[in-house]
Every structure is written in structure tokens, then in C-alpha cells.
Amino acid sequence: MLKVYNSLTRKKQEFIPIEPGKVRMYVCGMTVYDFCHLGHARVLVVFDIIVRHLRSLGYEVTYVRNITDIDDKIIARARENGESINALTERFIAAMHEDADALGVLRPDFEPRATESIDNILKMIQRLMDKGFAYQGSNGDIFYSVSQFPDYGRLSGKRVEDLRSGARVEVNDAKRDPLDFVLWKAARPGETSWPSAWCEGRPGWHIECSAMSTDCLGVHFDIHGGGLDLQFPHHENEIAQSEAATGEPFVNYWIHNGFVEVNEEKMSKSLGNFFTVREILKQYQPEEIRYFILSSHYGSPLNYSDDNLKQARSALQRLYTALRESKETGADTVHDNDAYMQRFQDAMNDDFNTPEALAVLFELTRALNRAREQGDPAAGGLAATLEALGGRLGLLQAEPETYLRGQAGAGGQGPTDQEIDALLIQRRAARDARNWAEADRIRALLIDMGIELEDGAEGTRWRRA
RNA sequence: GGCUGGGUGGCAGAGUGGUUAUGCAGCGGCCUGCAAAGCCGUGGACCUCGGUUCGACUCCGGGCCCAGCCUCCA
């Protein structure tokens, strides 16, 4: 039985889809004006494994992840760069896809863009106007009237009165209530805009997700996800808009992933303490980033540090080393590994507990190494199980030797494979001559270059540490 | 100030009312020319103060501390 922590109820609950056997899921994606940083990578990877797990349970999943390709920051950045909005967003959409692909993130089934959803957005705003949930402010903007929606604040656990008295809300005379938010923003001269019944303008941020999600998935769907920072106000506003417009419940399960932190502080653009995926990829292999993300529960903070990435690397090396040895052993007898499969499944069913699932992988690895050393033919089956379960997390799908010899860590420096092979031939000669001093000298040389050796029965193997 | 989540061994990170998490690092052993990898064994923890209980790291209450949201942010 799958259990999911639902932000709406603040409880772990049994997951029951609206339509048996099917899951409809929407995740807030990127605003494309810059490269993805680790925080974005976490969203991509976390919901990727959620989709993978749901599918492994046999659900037919429709996964939608939107792209916000029009907003204030995009407009500002395009202006700074002196390029068109379209050129800017296309560039960063392509970059995002590259990063996601590198991290082994499966593409969503639909990837709607705000600028391609204007009709739906306008229709929804019109419905909100018709039903009295929206009004035009004195500046021409269309606002959502929060006081019309009694449930406002349920998702984020906030009370409307508290929000008003907190009043860190921007002062805007055009609004009737400081809590009201923009649905349609009147365009200033020269800004990208679309015609509407009210004025030339562009969509507010929150409405696009309401329009795109209900368009792709229907007015009522199963899962809505995103970073914890979207819980309020973005997701709160989505609920208010969607439920007011459709008169139906919007979403059954809200899933929010925790932040990536740096030195115990949220990684964010405004703090400037972020690391982009491509920066990190200069130092680490993509799978190491993926492992790092999965090594903590999706809802917990994830502290970014070089040390933690290194730990991810060590862990992956252990897993791949076991796989490499066993593949070469070649044994592939059937073995009853149901216990491991079951424990893995149980872990994932418990609110996608990836650290627990990884622990199962390591226990499997120990069993595998032991079996192999003892010449137990069960090794082949254990290796196959390890690879299969790793695959459910999007891990361990590379050729072990390819991973272990890695290209990263090099970051452009470091010896080439040819240089390494040349040194290994020299060392081999020294060893054959029992010239241990020379052999050890060459080994030390390689270690200095970040290459570790393993002398085995069938020769010497190496990997990049 | 309001609200949310959290404080676990050297580090990372799960979990449980009474039994080994797991990985890295450490220590001892096996293996190895020596290493590495691997295997076997091993030390080490549950912020604090009360309460409930035969028994709490795990449940309840107070305190302290941390992060986050309340403004754009994954």
C-alpha cells in the first residue's frame, strides 16, 4: 500500500487515485531565464522517481510539468541581455532539457508553456470574473478577490486575518484587499502582451498553472507537486483560482520537496548562494548528483557540500564495483530475491523513502559480494536484482567500467585513458620483474593524478577516484 | 509576531515503545609482493527537563536551538 505525505492534510495517507489504475500528476516546473541550479535539479529528480515508482506499481501515469516562459524576471533579463524574450526562453528551455537528460530524468508526458496557453488562461479568468471572484483594479489589472474564497489558507495553514495583519504584502492602491493577487497584468508600452476583453496584457504567475493543469488533466486530479517555497502563495492561489472557477475540488494530494541548502541556508537565486547543475557536472558525474539527491528523503533539507557529493561518489563506486565483478563472473542463475524486492518496494511505498531503498541496495550488494567470493551461483541473480532495483531509482544503468573510469573529476584535466594505459604497461613490466619499488612508484604517480588501481587475478584495473 | 517542519553515533542519513539501519570514515582480522577492492568482526547515537509506561531515542507537555514560509524563488 502506497502512503504519501499530503501537505494539505499534513499527514501520511494511503494513496487512492481518482480513477482506478490511473494517476494524473502536475508539477510546477522552471521559469526559464537562467540555468537550472541544484534546487531545480532536486524537483526534477524527486518527481522523476515518484513517477517511476507509481509506474512500477502499475499505474498509468500522466505527468505534466509546465514551463513558465513569460514573467517579470524573464522580461527584465531579456532586456538586460538585449535579446528577445523568445530567444532567451528557447535557450534556457534547451539548457534545462540538457540538464534533465544528464540527470536521467524522464521527460514528462506534457510540457505546456504559459505563452501557448493564453486562451485557456483568458477563459479561466473570464469564468472568475463571471462568478464574481475577480475584478478589474483601477490600474487595469485583473485581480483575484481572496475574501470571496472561504477556504483560502488551508494548504499553507495560514489564516487570512494573520496574513492581513502581517501585511508584508506590497502596497497597491489598485487592489481592494492587500491579499488579492494579479490574474492578468496590464501591459506597459513595449512589453510582450496579448489582447483580452479587459486590456492588452499578460498572465499573472499563478493563473497559468491553474489553466495548464486543468487543461491537461481535467478539473480534478490526483497529485500536484513542486518545491516547498511554492506552497504559499503560489499553490494556495492555484487552489483558490481553480476551485472557484470550476466549482470542483482541485487536487487530492499535494507533495512538496524540501530545499537544497548551503551551509544550513536555503539555496536561492536571491541569496546568490546557488550552484548550477552544469557547474557541478564539471566536478561530478550526473549519476553522482542524482544519488546525492536521493540520499535524503525528498521532504527533508538537503545540504549541498563537496563532502556530501564525494560521499555519493563513494557509495556509487561500491555499488558499481560489485556489479562489475559479477558481470564478469557471468553467472546468471535464477535466485529468489523476493525479500529484497519486497523491502525495496515497502521503502518506496512509504512516502518514497529513497534512503531506505538505497539501504536495501547496499544489503543486496553485500550479499552479492559474499556470494561471488564463495562461488555461489546465486551471485548472478543478485546482480540482476541490484541492477533492476537501481533502475527503479534511475541509477546503476551505466556499464560499470564506464562509470568507474568516469570522465568527471577530470574536469578537463587529469590523464587520458591512453596515458593511463601506457603507465600501466610500464608498471606491469616492473611487476613481472618483481621490481616492486618501480611498480609502487608508478602507482603513487597515478594516485597523484586521481587514478586508483586494483591488481586482480586477470590484471590491473583502474578507476578515477 | 503568526504558521510549518526538524534536532539521531566523527560525517551523511533512515527507523522503531523493549532486538544490527545503511553508506563513508575508524579499529582488528582474512586476502594481497605491498596496496586497492571485497569479506569477517568491532567501537560509537538518539538536544534538554518533566510526564505516561514494567520499559521511551521512539508517545504527551514545557524549554532551548536550527531551517523555512508569511515578499520573487524549486
Side-chain angles (χ1 to χ4, degrees), chain A residues 5 7 10 27-31 34 36-47 71-73 76 153 156-159 161-170 179 205 225-234 236 256-261 264-271 274 291-292 295-297 299-303 305 307-319 321-322 324-325 347 350 353-363 365-366 368-374 404 431 434-437 439-440 443-444 447 452-457 460-463 465:
Chain A
Y5 181 84
S7 304
R10 264 159 236 122
V27 170
C28 290
M30 280 17 11
T31 299
D34 209 340
C36 292
H37 66 230
L38 240 200
H40 300 116
R42 191 176 193 191
V43 181
L44 294 171
V45 170
V46 160
F47 288 98
D71 93 320
D72 290 354
K73 294 193 171 173
S156 52
K158 297 183 187 307
R159 289 181 310 178
E161 314 89 79
D162 293 343
L163 288 167
R164 282 215 185 84
S165 62
R168 260 165 88 185
V169 190
E170 134 197 42
L179 298 187
W205 174 39
L228 194 55
D229 43 4
L230 298 185
Q231 189 176 28
F232 187 90
H234 184 58
E236 196 71 70
H256 291 103
N257 65 276
F259 299 127
V260 176
E261 299 180 350
E264 331 280 71
E265 201 174 47
K266 179 184 171 186
M267 177 181 290
S268 75
K269 300 229 172 149
S270 35
L271 287 170
F274 61 90
Y291 182 98
F292 165 65
S295 68
S296 80
H297 182 80
S300 306
L302 178 64
N303 202 50
S305 72
D307 234 42
N308 291 345
L309 258 328
K310 286 219 173 80
Q311 288 204 13
R313 170 172 296 172
S314 305
L316 235 21
Q317 282 181 350
R318 174 167 165 82
L319 262 18
T321 301
R324 173 241 257 159
E325 303 297 329
D350 183 14
N353 192 337
T354 51
E356 186 71 38
L358 289 172
V360 175
L361 259 37
F362 284 104
E363 287 172 33
T365 297
R366 173 173 286 113
L368 164 59
N369 285 331
R370 196 186 301 143
R372 194 189 54 248
E373 282 201 353
Q374 294 168 352
L404 291 167
R431 292 187 76 213
R434 307 185 71 77
N435 183 353
W436 308 127
D440 291 351
R443 182 169 61 198
I447 286 174
E452 300 203 337
L453 302 189
E454 289 174 39
D455 296 324
T460 297
R461 278 196 285 236
W462 60 269
R463 67 192 148 83

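Small disclaimer: the values here were computed from a predicted structure and weren't measured. Labels below follow one simple rule: chain letters A, B, ... track the order of the sequence lines, proteins then strands, and each chain is numbered from 1.
Between A:His37 and A:Phe274, the ring planes are tilted. Angles from 30° to 60° get that label.
B:G26 and B:A67: their P atoms are spaced 32 Å apart (whole Å). Taking the C1' atoms as reference points, B:A21 lies 15 Å from B:G44, given to the whole Å. B:C11 and B:U4: their C1' atoms are spaced 28 Å apart (whole Å). With both ends at atom P, the span from B:G17 to B:G2 equals 32 Å, rounded to whole Å. Going from the P atom of B:C72 to that of B:C24 covers 44 Å, rounded to whole Å. Distance noted for atom P between B:G51 and B:C69: 38 Å (whole Å). Using atom P as the reference point in both B:U48 and B:G9, the two lie 11 Å apart (nearest Å). With both ends at atom P, the span from B:G10 to B:G6 equals 23 Å, rounded to whole Å.
No contact: A:Gly299 has no heavy atom under 4.0 Å from any strand. Heavy atoms of A:Gln231 sit nowhere under 4.0 angstrom from any nucleic acid atom. At a threshold of 4.0 angstrom between heavy atoms, the contacts of A:Gln317 with the nucleic acid are absent. A:Lys73 comes within contact range of at least one nucleobase, with a heavy-atom separation under 4.0 Å. Counting any heavy atom pair closer than 4.0 Å across all strands shown, A:Glu265 reaches sugar-phosphate atoms only and no base atom. Here A:Val27 lies out of heavy-atom contact (under 4.0 Å) with every strand. Nucleic acid contact for A:Gly39: base, since at least one base atom lies under 4.0 Å from a heavy atom of the residue. In this structure, A:Leu230 reaches the sugar-phosphate backbone alone: every heavy-atom distance under 4.0 Å involves primed, P, OP1 or OP2 atoms, never a base. Using a 4.0 Å heavy-atom distance criterion, A:Lys269 is classed as making no nucleic acid contact. Residue A:Ser305 is classed as having no contact, given no heavy-atom separation below 4.0 Å to the nucleic acid.
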Legend entry - Working for side chain to side chain donor-acceptor pair (under 3.5 Å), residues A:Asn369 and A:Arg366: CA-CA 5 Å; A:Asn369 285 331; A:Arg366 173 173 286 113; over 6 Å; no
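A salt bridge links A:Asp440 and A:Arg443; the closest N-O separation between the charged side-chain nitrogens and carboxylate oxygens is under 4.0 Å. A salt bridge does not link A:Lys73 with A:Asp34: none of the charged nitrogens is closer than 4.0 Å to a carboxylate oxygen. Under the 4.0 Å criterion applied to side-chain N and carboxylate O atoms, A:Glu452 and A:Arg463 are assigned as salt-bridge partners.
No donor-acceptor contact under 3.5 Å links the side chain of A:Asn353 to the base of B:G15. Side-chain N/O atoms of A:Lys310 and base N/O atoms of B:C24 include no donor-acceptor pair closer than 3.5 Å. No hydrogens or angles were tested; on distance alone, a donor-acceptor pair under 3.5 Å links the side chain of A:Arg443 to the base of B:A35.
For the residue pair A:Asp455/A:Thr460, the side-chain donor-acceptor check at 3.5 Å is satisfied.
For A:Arg366 and B:C40, the shortest distance from a side-chain N or O to OP1 or OP2 is below 4.0 Å. At B:G38, none of the side-chain N or O atoms of A:Arg372 fall inside 4.0 Å of OP1 or OP2 (strictly under the cut-off). An OP1 or OP2 oxygen of B:C40 is reached within less than 4.0 angstrom by a side-chain nitrogen or oxygen of A:Arg370.
Nucleotide B:G26 is matched to B:U42 when pairs are restricted to Watson-Crick or G-U wobble geometry with both distances under 3.5 angstrom. Nucleotide B:A67 is matched to B:U4 when pairs are restricted to Watson-Crick or G-U wobble geometry with both distances under 3.5 angstrom.
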Is there any protein nitrogen or oxygen under 3.5 Å from a nitrogen or oxygen in nucleotides 11-13 of chain B, and what are the pairs?
{"residue": "B:C11", "atom": "O2", "partner": "A:Gln311", "partner atom": "NE2", "Å": "3.1"}

Identify each atom pair where a protein N or O and an N or O of nucleotides 29-32 of chain B are less than 3.5 Å apart, giving names and distance.
none

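Residue A:Ser270 places its side chain closer to B:C72 than to any other of B:C3, B:C72, B:A74. Among the nucleotides B:U22, B:G33, B:G15, the one closest to the side chain of A:Phe362 is B:U22. Listed nucleotides B:G5, B:A37, B:G23 differ in distance to A:Arg10; the shortest reach to its side chain belongs to B:G5. Distances from the side chain of A:Asn369 to the nucleotides B:U22, B:C39, B:C70 place B:C39 closest. Looking at the side chain of A:Glu452, the nearest of the listed nucleotides B:C69, B:G33, B:A36 is B:A36. In this structure, the nucleotide among B:A74, B:A37, B:G68 sitting nearest to the side chain of A:His37 is B:A74. In this structure, the nucleotide among B:G23, B:A74, B:G15 sitting nearest to the side chain of A:Glu356 is B:G15. In this structure, the nucleotide among B:C72, B:G2, B:C34 sitting nearest to the side chain of A:Trp205 is B:C72. Checking B:G23, B:U22, B:G33 against every side-chain atom of A:Ala439, the shortest atom distance belongs to B:G33.
Each of A:Tyr5 and A:Glu373 lies near RNA chain B, and the nucleotide nearest A:Tyr5 is the one positioned closer to the 5' end. Of the residues near RNA chain B, A:Leu453 and A:Val43, the one whose nearest nucleotide (by heavy atom distance) lies more toward the 5' end is A:Leu453.
Stacking between A:Phe259 and the base of B:A74 is absent under the criterion of ring centres within 5.5 Å and planes under 30 degrees.
Across A:Ala347 and A:Glu356, no two heavy atoms sit closer than the pair CB-CG, 3.5 Å.
Rounded to an integer number of Å, the gap from CD of A:Glu261 to P of B:C66 is 13 Å. Atoms CZ (A:Phe274) and P (B:C73) sit 15 Å apart, rounded to a whole Å.
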